[in-house]
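The block underneath contains the structure these notes are about, expressed in structure tokens.
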Amino acid sequence: MSEKKPFYITTPIYYPSGNPHIGHCYTTLACDVVARMKRMQGFDVMFLTGTDEHGQKIEDKAKEAGVTPQEYVDGIVANFKKLWELLGISYDRYIRTTDPYHVESVQKIFKELYDRGYIYKGEYKGKYCKPCESFWTESQLVDGKCPDCGRECVDASEEAYFFKLSDFSDRLEKLLTDEELNFLEPKSRVNEMINNFIKPGLQDLCVSRTSFTWGVPVTFDPGHVVYVWIDALSNYITALGYDNSEYDDFSKFWPADIHVMAKEIIRFHTLIWPAMLMALDLPLPKKVVGHGWITFGGGKMSKSSGNVIDPFVLSERYGVDSLRYHLLREMPFGADAPYTNEMMFNRINCDLANDLGNLVSRTVAMAIKYFDGTLPVDKEFNDSDEELLKMTDELPSFVAENYESLHISDALDKIFRVIARANKYIDENEPWVLAKDEAKKPRLAAVLYNLLDTVRRCSILLSPVMPHICPEIYEQIGACECCTKWEAASERHALKADVTVQKGRVLFPRIDVEKEIAELDALSPKKADLPEEPLKPLTKFDNFAALDLRAVKVLSCEKVKKSDKLLLFKVDDGFGERQVLSGIAKYYEPEDLIGKTLAMIVNLEPRKMMGYESNGMIMSVRDGDKFRVVEFGDDIKPGADIS
């Protein structure tokens, strides 16, 4: 038997300054889907996750709590592991940056970079954001505040070691722009890295601190601790045994097949991390994927409180697989995804209860009613079966490709199109009519068999997303282990000809949305204050329908002279080019928006601003100090209708 091919996938290591929430879940779930599928395909998988446990913020939090930093992170890490266990995350290794073997490796890596001349001693003077643990120059601040989180920065000056990141500008630009390598996805992130960081000139990176002690000590200079970049980013190789004797997997699994993370930390993984590896003469990871954020402003559920977003509560009330499915289904590749409990309830009721659950229960019930649960071998198939069967035949390759590329929402959409087609197939063939004629029993058996086999094949492809429910589906439809392997999803009619079904529990009970919102409302902590913008009076649907909302592609963007607020856009609205102005200059640099696909109202009357005509309005959302334009993934074409 040939040796299994290795596959290495990682989440970022999460910062345990507080307990995990839904915002942590998407990355880990997405990696879990890929890892589960690759195992089913016969790969030797290493799925790594963990926690980044050093730094000044942890030291301060522990002091506030009256415990040691180690005690503080131990408690938070226990909750992370508890959540991953609840969600069925199948990680193979969990790394903590406080693990002794990791500390040993980091000290060796730091010394190696120093000995090679890539780390030198100097003095840091500038602005420091404690929540982000990031240093900034004055020019990088936005309105005098941290460009990442919008919080105040403080003046900082201390002796420090620096990594010569500036030496790697050309190599990093080549890495990011190499079409064949396709190192970073989605493509829109490439321009961000080049225009925002490489083109302005990469600055050497502060990689040690003396103002706090909770970190990995620099072995050759007491008083310095290794700063977050080298400590945290090294985890991807130290967890495999690089420069330590804890593990011996480095030669087998490195380079990583894919690093997965949210978009705000892409620059660390596509600039700092590759530069470190280049300096160490180590291979680079094959791919970095930066997904969007789960956002929480998508809908109002009650007058007095916000959404319950505790994944423990949601999993216990509605099922782990329902939560997994919803989060993975709602996130379009490269774009943000709003979260509300109401959206999840509607997704459960529509996709899971009405479509999948109903298909399973109806089909099993009819097999029991008309054939006492065991289908006869004699069946009459005909050409009217082909549309459903061909749609199902196309699924496995599409799903595998889209799971692995993190287009998981697209894969799920296609699976549920087949499930919807199977429900329509029931109505077309009317089994209840066929059952009245004994001569049509072979045709009835063929219809039910096609349905059961379609459920089998779809369930195999859904199992990485819903690993707890799919085995129950197999049991109800009579699918044995041999016909539920990944490759069996490509086989027509792999179920036994005389398959026996059995009635099971309702897989996805329908949710009374209003009742559940009220109950979750009672569990929610009360909001300290109301949203800044009160709700406007009710209006007629026709008023909304009169607006023409479209996706537009930004062709060019520049600041308007003599205005500190306006940006001048040229956009493709799918029908041609148009000019529009937007007062968002203090939130975005023009080059950040070029190539993005944004939402826009395109049928507003033109108006003049600062001597320029504006033909429309770019849509945006504000939440306190946070401001974002409404953005779509690269797969949305200009002119697509927004409804």
| field | D44 side chain vs K4 backbone, donor-acceptor pair below 3.5 Å | value | no
| query | Does NZ belonging to K263 count more than 12 external heavy atoms closer than 6.0 Å? | reply | yes
| Qualifying residues under side-chain hydrogen bond (donor to acceptor under 3.5 Å, both in side chains), relative to N244, sequence neighbours excluded | S105
| Does any N or O in the side chain of R421 come within less than 3.5 Å of the main-chain N or O of L388, such that one atom is a donor and the other an acceptor? | no
| field | I230 versus S234, closest heavy-atom pair with distance | value | O-OG, 2.5 Å
| query | What do you reckon, are the aromatic ring centroids of Y318 and H326 less than 6.0 Å apart? | reply | no
| request: For K379 and A497, indicate whether the former's side chain and the latter's backbone hold a donor-acceptor pair under 3.5 Å. | output: yes
| Quick one: do E394 and K390 make a salt bridge, cutoff under 4.0 Å? | no
| request: Output the distance between atom OH (Y403) and atom NZ (K38), rounded to the nearest 0.5 Å. | output: 13.5 Å
| task | Give the C-alpha distance, both sets of side-chain angles, the deciding distance and a yes or no for salt bridge (charged side-chain N to carboxylate O under 4.0 Å, His left out) between D413 and R417. | result | CA-CA 6 Å; D413 176 70; R417 287 176 186 270; 2.8 Å; yes
| Roughly how far apart are I9 CD1 and K287 NZ, rounded to 0.5 Å? | 12.0 Å
| message | For W254 and W273, take the angle between the two ring planes, folded into 0 to 90°, and tell me which bin it lands in: parallel under 30, tilted 30 to 60, perpendicular over 60. | response | perpendicular
| message | For D74 and Q70: C-alpha separation, side-chain torsions, deciding distance, then whether side chain to side chain donor-acceptor pair (under 3.5 Å) applies. | response | CA-CA 6 Å; D74 285 348; Q70 189 67 59; 3.0 Å; yes
| note | Heavy-atom nearest pair, G478 first then L495, reads O-CD2, 3.9 Å
| Distance from L327 atom CG to T28 atom OG1, nearest 0.5 Å? | 10.5 Å
| D427/R362 salt bridge by N-O under 4.0 Å criterion | yes
| Those residues that, when tested against D351, pass salt bridge (Lys or Arg N to Asp or Glu O under 4.0 Å) (two or more places apart) | R347
| query | Has K187 got more than 12 heavy atoms of other residues, nucleotides or ligands less than 6.0 Å from its NZ? | reply | yes
| query | Should we say atom CG of D178 is surrounded by more than 12 heavy atoms from elsewhere, each under 6.0 Å from it? | reply | yes
| request: Could you tell me whether the side chain of Y325 and the main chain of L412 form a donor-acceptor pair under 3.5 Å? | output: no
| task | Sequence neighbours left out, what pairs pass side-chain hydrogen bond (donor to acceptor under 3.5 Å, both in side chains) with at least one residue falling in residues 85-95? | result | D32-S90, R39-S90, R39-D92, T51-Y94, R93-D249
| Flag, side chain of N349 to backbone of I511, donor-acceptor distance under 3.5 Å | yes
| field | Working for side-chain contact (heavy atoms from CB on, under 4.5 Å), residues T98 and V77 | value | CA-CA 11 Å; T98 53; V77 168; over 6 Å; no
| query | Given the rule in the side-chain contact (heavy atoms from CB on, under 4.5 Å) test, do L389 and N450 qualify, once you have shown the distances and angles that lead to the verdict? | reply | CA-CA 8 Å; L389 297 179; N450 281 336; 4.0 Å; yes
| said: I need the minimum non-hydrogen distance between P16 and I58, along with the two atoms involved. | reply: O-CD1, 3.7 Å
| query | Where is the tightest heavy-atom contact between L406 and Y26, given as atom of each residue plus distance? | reply | O-OH, 4.3 Å
| message | Strictly below 4.0 Å, N to O, side chains only: are E491 and R456 in salt-bridge contact? | response | no
| message | I need the minimum non-hydrogen distance between V288 and M261, along with the two atoms involved. | response | CG1-CE, 3.7 Å
| field | Pair D393 + R492: basic N to acidic O under 4.0 Å | value | yes
| request: Please identify each residue that fulfils ring pair (Phe, Tyr, Trp, His ring centres under 6.0 Å) with H493, with sequence neighbours left out. | output: F381, Y449
| message | Let's go through L452 and V499 carefully: what are the C-alpha distance in whole Å and the side-chain angles of both, what is the deciding distance for side-chain contact (heavy atoms from CB on, under 4.5 Å) to 0.1 Å, and is it a yes or a no? | response | CA-CA 9 Å; L452 291 170; V499 62; 4.0 Å; yes
| Using 4.0 Å as the upper bound for N to carboxylate O, is an ion pair formed by D336 and R628? | no
| task | Output all residues satisfying side-chain contact (heavy atoms from CB on, under 4.5 Å) with S322, sequence neighbours left out; order by chain, then residue number. | result | I348, L352, F508
| task | Verify, without hydrogens or angle tests, whether K503 (side chain) and V364 (backbone) share a donor-acceptor contact under 3.5 angstrom. | result | no
| In Å, rounded to the nearest 0.5 Å, how long is the span from CG of D243 to NE2 of H102? | 12.0 Å
| Considering residues at least two apart in sequence or located in another chain, which fulfil the salt bridge (Lys or Arg N to Asp or Glu O under 4.0 Å) criterion with E264? | none
| Going by the angle between their ring planes, with limits at 30° and 60°, are Y101 and Y247 parallel, tilted or perpendicular? | perpendicular
| said: Is the ring pair W84/Y14 parallel, tilted or perpendicular, if the boundaries are 30 and 60 degrees? | reply: tilted
| Can a cation-pi geometry be assigned to K82 and F312, taking NZ or CZ under 6.0 Å from the six-membered ring centre and within 45° of the ring axis? | yes
| field | Shortest non-hydrogen contact from L176 toward V190 | value | O-CG1, 3.5 Å
| field | Flag, side chain of D52 to backbone of Y15, donor-acceptor distance under 3.5 Å | value | no
| query | Can you say whether the rings of H407 and F333 are parallel (under 30°), tilted (30 to 60°) or perpendicular (over 60°)? | reply | parallel
| Quick check: does any side chain N or O of D99 sit under 3.5 Å from a backbone N or O of R96, one acting as donor and the other as acceptor? | yes
| For the ring pair (Phe, Tyr, Trp, His ring centres under 6.0 Å) test, which of F183, Y236, F268 pairs with H259? | Y236
| From CE (M344) to CZ (R317), nearest 0.5 Å | 10.0 Å
| Donor-acceptor pair, D321 side chain versus I469 backbone, under 3.5 Å? | yes
| field | S188 side chain vs K596 backbone, donor-acceptor pair below 3.5 Å | value | no
| E472/R505 under side-chain contact (heavy atoms from CB on, under 4.5 Å): CA gap, chis, key distance, verdict | CA-CA 9 Å; E472 289 191 57; R505 72 178 180 95; 2.8 Å; yes
